[in-house]
> 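My questions all concern the structure below.
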There are 2 protein chains.
Amino acid sequence: MEHNNQTQTISTHSPFTQPIRCIVKLGGAAITCKNELEMINEETLQKVSEQLRQAMITSSEKPPGMDWSKRPGSSEICCNPEEFGDQSVVDFSRFIVVHGAGSFGHFQASKSSVHKGQLNKPLVKAGFVATRISVTTLTLEIIRALAREGIPSVGMSPFSSGWFTRERQVSSADISSVAKAIDSGFTPVLHGDAVLDEILGCTILSGDVIISHLAAYSKPEYVVFLTDVYGVYDRPPTEPDAILLKEIAVSEDGSWSVVKPKLQNSIELTVAAHDTTGGMQTKISEAAMIAKLGIDVYIVKAATSHSLRALTGELRGNIPDDWLGTVVRSSR
Amino acid sequence: MEHNNQTQTISTHSPFTQPIRCIVKLGGAAITCKNELEMINEETLQKVSEQLRQAMITSSEKPPGMDWSKRPGSSEICCNPEEFGDQSVVDFSRFIVVHGAGSFGHFQASKSSVHKGQLNKPLVKAGFVATRISVTTLTLEIIRALAREGIPSVGMSPFSSGWFTRERQVSSADISSVAKAIDSGFTPVLHGDAVLDEILGCTILSGDVIISHLAAYSKPEYVVFLTDVYGVYDRPPTEPDAILLKEIAVSEDGSWSVVKPKLQNSIELTVAAHDTTGGMQTKISEAAMIAKLGIDVYIVKAATSHSLRALTGELRGNIPDDWLGTVVRSSR
């Protein structure tokens, strides 16, 4: 796979002064309504935000909200300064949130083939602008949902944060700004985005590639992919006999095999045809790349008791039998 | 003024490969409804976007829109790929747009005193998040309004684009990403924002300070400040005898004087008390700093025939007598 070369040459110099606890991917399919253009799955997003808050702070009490925007139909802004008191800030653990596009951005990107480059074509240039408008609309709503839970979320849109590619591989990224935001106590929110490509002119940088890159620099304790199915299956999960792959081991050369359950037949993987940034095959490849670094990756259904267990980190070491999800880890 | 030192030490090395034609400030007071929280002045914003498009392309024909988002109440996305044809892209002149916050962000920032720093206080941290949510909501709407006119606008939010301050002075900024966006044919949109400060923890970086900094690096042919009044007056413009200052000359030491009209009395300046990032006094100081670099600055009422003349650059050299606005230029 092309991506290997790039990851192998990543320097070990990291701008992160302290370890990152977790990088979480909010899958586009989980937080948006896949079959309805530009529609957020509010219920899942709210639950995901709540679980993130529970995973990030030890206190069971919800801290005051940080989205002081005017609510539709209201002329007032909800903010009560007295709620905040004078004590020092709640200590949130160091998380990075990356989200996919789901029903935002994909339409605009595929209609104009932004991922193929050629910015000199009027349609591609317009599609680039339109894609960014759509994905930044989504990211703003996600930041607001997290902020309402009291999570100090700040947007760091890749296009504007110095992420550039060279033939679709990340060629530069301003990781130090992400590190500074975390050191200042914030939770950075990144997302799949249209970016400039040094050779192609432009392309689509997927959330999964962003996570691989961030994981290589920040070496988080674990990575969680929140999706709309229980994990990785041996065939499309809509098929009646689909088997959930509970553990995948990644060897040093990046190849992977299913450890649990013991399977007789070879694996056929789910690849969602509509996903311009790659489906489950890409996800496993990216997860394997992260696992190779010695970082456990949990692929789990969003907004379930299983995702909460993955987010809190209680799965490290031992995976309970009643946990539904896929763990991808190094075979070492 | 404190800011002088910083501007004087700016290196002349510029990442811009070709000259920038114009930096435009969309004043918060002009594009939002000052007295209503988080309310855009849609009519002015639409007119400003139209004038920008007229100033940026020579063709009188409006290019196809680039905001393909779903409209409220519709399940479809407006985009007709055939509109774009196969010819090469329309050549937009190299503009940078910077906007203020108006009734977005100011409430959140002042309620929590983000400009004073102290991120270890829960209220300040929450206010930082809330301010960014509010100003990025506004910037998204401005980007969409520009895109609807066919302007290839892309957001580059200062917090996420490597803008940091040190005791409120810009200490670093990723200008090269702005230059790359322009070289790729886009119109970057920046805005006043909450940013990290190396000494204070955080502060508010105003749109006017961003413009000074960008002007020093990009040396635009001219700078336009679009406001809600006709220009700079000798006293609050609501007073019956207020006189519009048509020309201000800036000497090499940065001091300035009114050249036109000839005035008898000393100048009392309009300072809007609610403006946390400084009112007209800040604006003149920042304008003077830009003028010192040999760049003409036009301060003019948005969405008028006068603003269109300023944006197209027809005022360079000779200011017609019937033009209403304030020009700030070097006395050399």
Side-chain angles (χ1 to χ4, degrees), chain A residues 36-38 63-70 75-77 79 81 84-90 107-108 111-112 119-123 125-130 132-134 136-137 140 143-144 147 150 152-157 159-162 164 174 176-177 180-181 184-186 196 201-202, chain B residues 36-38 63-70 75-77 79 81 84-90 107-108 111-112 119-123 125-130 132-134 136-137 140 143-144 147 150 152-157 159-162 164 174 176-177 180-181 184-186 196 201-202:
Chain A
E36 183 141 10
L37 286 174
E38 302 197 335
M66 297 183 174
D67 176 13
W68 303 348
S69 305
K70 201 165 69 177
S75 62
E76 291 295 308
I77 280 181
C79 156
F84 290 91
D86 249 350
Q87 76 282 37
S88 61
V89 290
V90 180
F107 169 88
Q108 291 85 351
K111 200 91 180 171
S112 55
L119 262 180
N120 57 330
K121 285 188 179 172
L123 179 63
K125 194 168 172 186
F128 189 99
V129 170
R132 297 213 68 245
I133 287 172
S134 188
T136 52
T137 301
L140 183 56
I143 290 162
R144 292 182 63 178
S153 52
V154 288
M156 308 199 83
S157 212
F159 168 82
S160 59
S161 312
F164 295 93
D174 181 10
S176 75
S177 286
K180 281 180 192 165
S184 299
F186 293 107
L196 299 180
C202 66
Chain B
E36 184 143 7
L37 285 174
E38 302 198 333
M66 296 185 175
D67 176 13
W68 304 348
S69 304
K70 202 163 69 177
S75 61
E76 292 295 307
I77 281 182
C79 155
F84 290 91
D86 250 348
Q87 75 281 36
S88 61
V89 289
V90 180
F107 169 87
Q108 290 86 351
K111 200 92 179 171
S112 55
L119 262 180
N120 58 330
K121 287 191 178 169
L123 180 63
K125 195 170 172 185
F128 189 99
V129 171
R132 295 213 69 243
I133 288 173
S134 188
T136 53
T137 300
L140 183 56
I143 290 162
R144 291 182 65 179
S153 51
V154 287
M156 308 198 84
S157 213
F159 169 81
S160 59
S161 312
F164 295 93
D174 181 11
S176 76
S177 286
K180 281 180 191 165
S184 299
F186 293 107
L196 299 180
C202 66

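Throughout, a chain's letter reflects where its sequence line sits, starting with A, and its residues are numbered from 1. Only heavy atoms go into these numbers, but all of them, side chains included; no hydrogens, no water, no symmetry mates.
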> Would you find a donor on one side and an acceptor on the other, under 3.5 Å apart, between the side chain of A/E38 and the backbone of B/K70?
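Yes; at least one donor-acceptor contact below 3.5 Å.
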
> For the residue pair B/V154 and B/I143, what are the closest heavy atoms and their distance?
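Taking every non-hydrogen atom into account, C-CD1, 4.4 Å.
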
> Side chain, backbone, both or neither: which part of A/T137 has a non-hydrogen atom closer than 4.5 Å to chain B?
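Contact with chain B is through both the backbone and side chain of A/T137.
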
> Go through the atoms of B/S157 and report whether side chain, backbone, both or neither lie under 4.5 Å from a heavy atom of chain A.
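Only the backbone of B/S157 comes within 4.5 Å of chain A.
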
> Could you give the distance from CD (A/Q108) to OG (B/S69), rounded to the nearest 0.5 Å?
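Those atoms lie 6.0 Å apart.
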
> Please rank A/A147, A/G127, A/G65 by heavy-atom pairs under 4.5 Å with chain B and give me the top one.
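Top count of heavy-atom pairs under 4.5 Å with chain B: A/G127.
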
> Between B/R132 and chain A, with a heavy-atom cut-off of 4.5 Å, which part of the residue counts as in contact: side chain, backbone, both or neither?
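Side chain only.
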
> Give the member of B/A181, B/P152, B/S134 that has the highest number of heavy-atom pairs under 4.5 Å with chain A.
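Answer, by heavy-atom pair count under 4.5 Å with chain A: B/P152.
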
> Contact part of B/L196 toward chain A, heavy-atom cut-off under 4.5 Å: side chain, backbone, both or neither?
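For B/L196, side-chain heavy atoms alone lie under 4.5 Å from chain A.
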
> Considering only heavy atoms, which portion of A/F128 lies under 4.5 Å from any heavy atom of chain B: side chain, backbone, both, or neither?
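For A/F128, the contact with chain B is made by the side chain alone.
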
> What heavy-atom pair brings B/I133 and A/M66 nearest, and what distance separates the two atoms?
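That would be CD1-O, 4.0 Å.
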
> Quick check against the 3.5 Å criterion: does A/S161 have a side-chain atom that pairs as donor or acceptor with the backbone of B/S160?
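Yes; judged by distance alone, with no hydrogens or angles, the pair exists.
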
> Select, from B/S112, B/G201, B/C202, B/G155, the one with the greatest count of heavy-atom pairs under 4.5 Å involving chain A.
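Result: the option with the highest number of such pairs is B/G155.
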
> Check each atom of B/F164 against the heavy atoms of chain A and say whether the ones under 4.5 Å are side chain, backbone, both or neither.
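Side chain of B/F164 only, per the 4.5 Å heavy-atom cut-off to chain A.
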
> B/V129 and A/S153: which non-hydrogen atoms are nearest, and at how many Å?
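Minimum heavy-atom contact is CG1-O, 3.5 Å.
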
> B/S176, B/P63, B/A126: which one forms the most heavy-atom pairs within less than 4.5 Å of chain A?
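The option with the most such pairs is B/A126.
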
